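Here the structure comes first, spelled out in structure tokens, and everything after it is commentary.
A quick note: this is a predicted structure, and the numbers were derived from the prediction, not measured. In each ligand, atom 1 is the first atom listed, and ligand 1 is the first ligand listed.
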Amino acid sequence: MARPVALGTDDKLFRALHRRHVDGGRPPPPWGALRVDALDDATRERLRAAWSARVAAEYRSMVVFSELLARMPEAGLPLEVSCAASRLVADEARHTEYCARLADALGGRADATVTDDDLRLADGALSARLFVARWTASMFCVGESASVGLLQALAREATDPCVRAVLDALLRDESLHDRFGWALARAVFPALTDDEREWLGADLAFAFAHYDRQNGRSLRPDGAALPDEPVGCDAYAGATHGVVAPARYARAWYERLDAVILPGLAALGVPAYEAWALRHEAR
Ligand SMILES: [Fe+2]
Ligand SMILES: [Fe+2]
């Protein structure tokens, strides 16, 4: 059943603790400086839909990171790793709130819903070690690492001061999450057996298929150069407020994939290039 992402409570303690985590001692984005009046209806709806989708995605990150965290001790990881992961959970709550405020200002987020399946990673058949390895590879080494390149592409073109501050906050956090993910991978992958690595590669093909559809719209055939940017990318309506032309977004994904994700995973012994090539069969 799809349910809305619930935000807001009357309880003072919850509110105070939440604010302390979300604000983190830093000035909040300048919400009063957000300007949406000059946007035409179509652009505003495009932006609203994009920020609303980000609400659901960030909320899902918060919940599933908690599930990953819960299995870290069982996977033999030390206290420091679990503690560091808890910081990431709070960061994703910050992202959820910031994206929700922008979506609300742009017209609402009734379509920011999640299902029970969206909020569960659980697979009782997997050992804790392989469970942590699986989601480290896909959510961190692919997902979080990609988000750094994608947010950089959005931030480069955002001129609204409030949207720019939100994107800067997200980028600051995601850069740390990217580093955390690679550190976690270095802690987890070396202990995998050859069979487990092979399984991880096959599983990664599904993650690549998902992220390529989502970020690259599968625009680059195998062996091809980066897709060209069609005319109009520079003046894309909405770029001022955090949405860039799909071709530009795709390019940012493929650049990050080639420069960081594929070589980074391969260097850790994961058959990443094979997994990328197999993504067509993993749909
Ligand atoms: Fe996030
Ligand atoms: Fe993140």
Item to check | Distance-only donor-acceptor check, side chains Trp51 and Asp104, under 3.5 Å | outcome: no

Checklist entry - Is there a donor in the side chain of Tyr254 and an acceptor in the side chain of Asn215, or the other way round, less than 3.5 Å apart? => result no

Checklist entry - For the ring-ring contact (aromatic ring centres under 6.0 Å, His included) test, which of Trp135, Tyr59, Phe140 pairs with Phe65? => result Phe140

Item to check | Arg279 (side chain) donor-acceptor with Ala209 (main chain) under 3.5 angstrom | outcome: no

Next on the checklist: Keeping Arg164 on the side-chain end and Ala155 on the backbone end, is there a donor-acceptor pair under 3.5 Å?
Outcome noted: yes

Next on the checklist: Please give me the protein atoms (N, O or S only) lying under 2.8 Å from the Fe ion (ligand 1), ordered by chain and number.
Outcome noted: Glu58 OE1, Glu92 OE1, His95 ND1, Glu174 OE2

Checklist outcome for this item: Tested for side chain to side chain contact (heavy atoms under 4.5 Å, CB included) against Glu157, the lone hit among Asp234, Leu167, Val244 is Val244

